[in-house]
There are 2 protein chains.
Amino acid sequence: MNRTASIKDVATHASVAVGTVSNVLNYPDRVSERTKERVLRAIDELGFVRNDAARQLRIGHSRTIGLIVLDVGNPFFTSVVRSAEDAAALQGSAVLLGDSGHDAGREANYIDLFQEQRVQGLLISPVGDVTDRLDLLRERGVPTVLVDRLADESKFSSVAVDDDAGGYLAAKHLLDTGRRRLAFVGGPASIRQVADRLEGARRAVKEEPDATLEVLDSDGQTVLAGRGVGDMLVQRGRAELPDGIFCANDLLALGVMQSLTMTHTFRIPEDVALIGYDDIDFAASAVVPLSSIRQPTELLGRTAIELLSEEVESQNPVHRAVVFTPELVVRQSTAAAG
Amino acid sequence: MNRTASIKDVATHASVAVGTVSNVLNYPDRVSERTKERVLRAIDELGFVRNDAARQLRIGHSRTIGLIVLDVGNPFFTSVVRSAEDAAALQGSAVLLGDSGHDAGREANYIDLFQEQRVQGLLISPVGDVTDRLDLLRERGVPTVLVDRLADESKFSSVAVDDDAGGYLAAKHLLDTGRRRLAFVGGPASIRQVADRLEGARRAVKEEPDATLEVLDSDGQTVLAGRGVGDMLVQRGRAELPDGIFCANDLLALGVMQSLTMTHTFRIPEDVALIGYDDIDFAASAVVPLSSIRQPTELLGRTAIELLSEEVESQNPVHRAVVFTPELVVRQSTAAAG
DNA sequence: GCGATTTTTTGAATCGTTTCATTGTTACGA
DNA sequence: TCGTAACAATGAAACGATTCAAAAAATCGC
């Protein structure tokens, strides 16, 4: 009975042709003031809302961009998502968000869905090796930008953060404040991010002849894993203790901090300096505010959208791999030793 | 040049009629094994992907559900979103996610967008008073379910968690473990959630003649605000100190915990018990694992989708307001006093 | 007031599906 | 072999927007 009004209904109601209504919607200055007013009133009276499916069908493509992330709960991605949405909104597109949860199956589902929706393009932080799948997409005319993952530059554009540089930054900061016996705490070395951060730290330590770097393997990347490492350190004699600890992420660092401060055997930063990675909200409000490495997540999201737009617009696009440099955030946990 | 293949192309390539291809896609057993095979091969060879816009146009509605939350970064909503997505996927729908960020303008934009997309229905955690706006939607045939907000049951279905019950649960637990001088720490009383939790706590305290409840106003709901309250408490003499503290959320509680444990003047739970609300990930891995009240977020998301489906399916639906009861999670921070 | 020019308006064609009445085919019992 | 029922395949119409060539109306200069 109360089917939603179509453009035709509006046309009838305003005694005008359908083309005119369409013009009012899309090229307002092609139509005279008088009729525009009449049409707008009709739209209002009928509560007309444009049917995007019909528009899409005619236009040939949608005004949406697909975005698939590994975990929306992860603050890193949450921030990327938000900035991507904002950047997309600015250029009149909307973002369809998919959370793969590190699951290749869900990822594939979203890719299918987005393809059926004829998204303008795809932003993806892939689970595993999906280059084959993405190659297909590319051939079918769906441009894709990889997020937080480097890509074959002859095929895709990508945005990422330089983890090696971040690792260097963290270790260098510890060295600059006078620490010499450093330790790196990090989860399985198989994770690229972890490996790169360690590599960067190694590079910084090599620059100081008298500095050493010890690697402490953690069982995962959680607060609990950090506490495990911390407890182990507390067992050691004071002489054996590193005087600067760099953790592969903030959760680990917070765990280490808990262990060290709880027992009150060691003080941060006097006895040992501590720095994390990611600069999550909790870092600033830790018992001892935690120094950290901040990744430019807003920039990541925005740039990803921009790269995608480039690809959408040009016929044979030049792919670009944009790598951002993270930023050092100094707080109390690495204040100068005295 | 390499426009994506349409159903017509597939039909030609497989030497069948377009209707047959459609049948293969939608009613596979209406078509013989032989032709089905031919059509499927053609689909594969041409890399055909169904155009959802055209399908939608014909069908009259989409297979998507709009979901607008106040803040995707908030673990509460993150969890609701995820479970809603899962529940929707199970019934063959996809979720379009919008983050209003507590901004009425962005909220309105998303409502417009979703309406143009002809979503099957809308799940929304509204910013302010949008009942007028939602009324309009309802009249236009877009069923809506309110999330985390009670609604006029004659108009909308809704899912929410009983904050009063949660407050009662927390206070009762403190009382049950022998505490008598309770304190409630909470942000502006204008926030309904905060007010309700306090009300519930009051109810529990009234049941114990010799118990008292002090209300400590916090400046917001952050770790820092909690630390402010904690510092203030530390200043007091031991006799003046409450022996059980209930914080309106976990962040506040963690802040309070930092203050109390850092100075080492008071011990948790021996001198004072502490309980939070929300059971965020950090609660379990705090210095002293934090007792908390867990909200059944997965259930919320799932139920919201179910209520929406009911409305979509029936012509003149009965609206239901589903209220869930939160759950007590006991950890070390409220262990019996001794 | 007239022709030329510019501005507005018109409406049929189109996009790619699904639907469904119709036609074509096959199988089977008599 | 024929009639009938069951099953398969067909293809035109419809969904609601945009486009664009063509028609209509308004404006202008003289």
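Note: hydrogens, waters and symmetry copies are ignored here, and every other heavy atom, side chains too, is used. Chain identifiers are assigned alphabetically (A, B, ...) following the order of the sequence lines, protein sequences preceding nucleic acid strands; residue numbering begins at 1 within each chain.
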Worksheet entry | Criterion salt bridge (charged side-chain N to carboxylate O under 4.0 Å, His left out) on A/Asp112 and B/Arg50, from CA distance to verdict | CA-CA 10 Å; A/Asp112 288 344; B/Arg50 191 211 251 108; over 6 Å; no

Discussion item. When you compare the side chains of B/Ser309 and B/Gln91, does any donor N or O come within less than 3.5 Å of an acceptor on the partner?
Written reply: yes

Output the rounded distance in Å from [atom1] ([X]) to [atom2] ([N]).
X	N	atom1	atom2	result
A/Leu57	D/dT19	CG	P	12 Å
B/Lys8	D/dA9	NZ	P	21 Å
B/Leu46	C/dG16	CG	C1'	15 Å
B/Asp52	C/dC15	CG	C1'	15 Å
A/Ile7	D/dT18	CD1	C1'	8 Å
A/Gln117	C/dT17	CD	P	14 Å
B/Glu37	D/dA8	CD	P	15 Å
A/Asp9	D/dG16	CG	P	8 Å

Discussion item. I'd like to check the side chain to side chain contact (heavy atoms under 4.5 Å, CB included) partners of A/Val18; sequence neighbours left out, ordered by chain and number.
Written reply: A/Ile7, A/Lys8, A/Ala11

Response to the item:
For B/Val72, the side chain to side chain contact (heavy atoms under 4.5 Å, CB included) test, sequence neighbours excluded, returns A/Thr78, A/Arg82, B/Val69, B/Leu97, B/Asp99

Find every protein N or O atom lying less than 3.5 Å from an N or O atom of nucleotides 25-28 of chain D, and list the pairs.
none

Worksheet, complete the sentence: Whichever of B/Arg118 and B/Arg58 has the more 5' nearest nucleotide on DNA chain D, that residue is B/Arg58

Worksheet item: In terms of the nearest nucleotide of DNA chain D, which residue is placed more toward the 5' end: A/Arg50 or B/Ala54?
Response: B/Ala54

Worksheet item: Testing B/Glu311, B/Glu306, B/Glu153, B/Glu310 for salt bridge (charged side-chain N to carboxylate O under 4.0 Å, His left out) with B/Arg320, which one passes?
Response: B/Glu310

Discussion item. Would you compute the distance between atom CZ of A/Arg302 and atom CG of A/Asp86 and round it to the nearest 0.5 angstrom?
Written reply: 9.5 Å

Fill in: Euclidean distance, B/Glu116 CD relative to A/Arg55 CZ, rounded to 0.5 Å
7.5 Å

Worksheet item: Using the C1' atoms of five pairs at each end, what's the angle between the two axes of the helix from C/dG1-D/dC30 to C/dA30-D/dT1, to 10 degrees?
Response: 40°

Discussion item. Within residues 12-33 of chain A, which residues have any heavy atom lying less than 4.0 Å from an atom of DNA chain D?
Written reply: A/Gly19, A/Ser22, A/Asn26, A/Tyr27

Discussion item. Ignoring hydrogens, what is the shortest heavy-atom contact between A/Val318 and A/Ser157? Give both atom names and the distance.
Written reply: O-OG, 4.3 Å

Fill in: Set of ring pair (Phe, Tyr, Trp, His ring centres under 6.0 Å) partners for A/Phe156, sequence neighbours left out
none

Worksheet entry | Audit row: A/Arg41, A/Asp44, salt bridge (charged side-chain N to carboxylate O under 4.0 Å, His left out) steps and yes/no | CA-CA 5 Å; A/Arg41 177 161 38 243; A/Asp44 201 51; over 6 Å; no

Worksheet item: How far apart are the C-alpha atoms of A/Phe114 and B/Asp52, what are their side-chain angles, what is the distance that settles it, and do they pass the side chain to side chain contact (heavy atoms under 4.5 Å, CB included) test?
Response: CA-CA 10 Å; A/Phe114 290 166; B/Asp52 200 57; over 6 Å; no

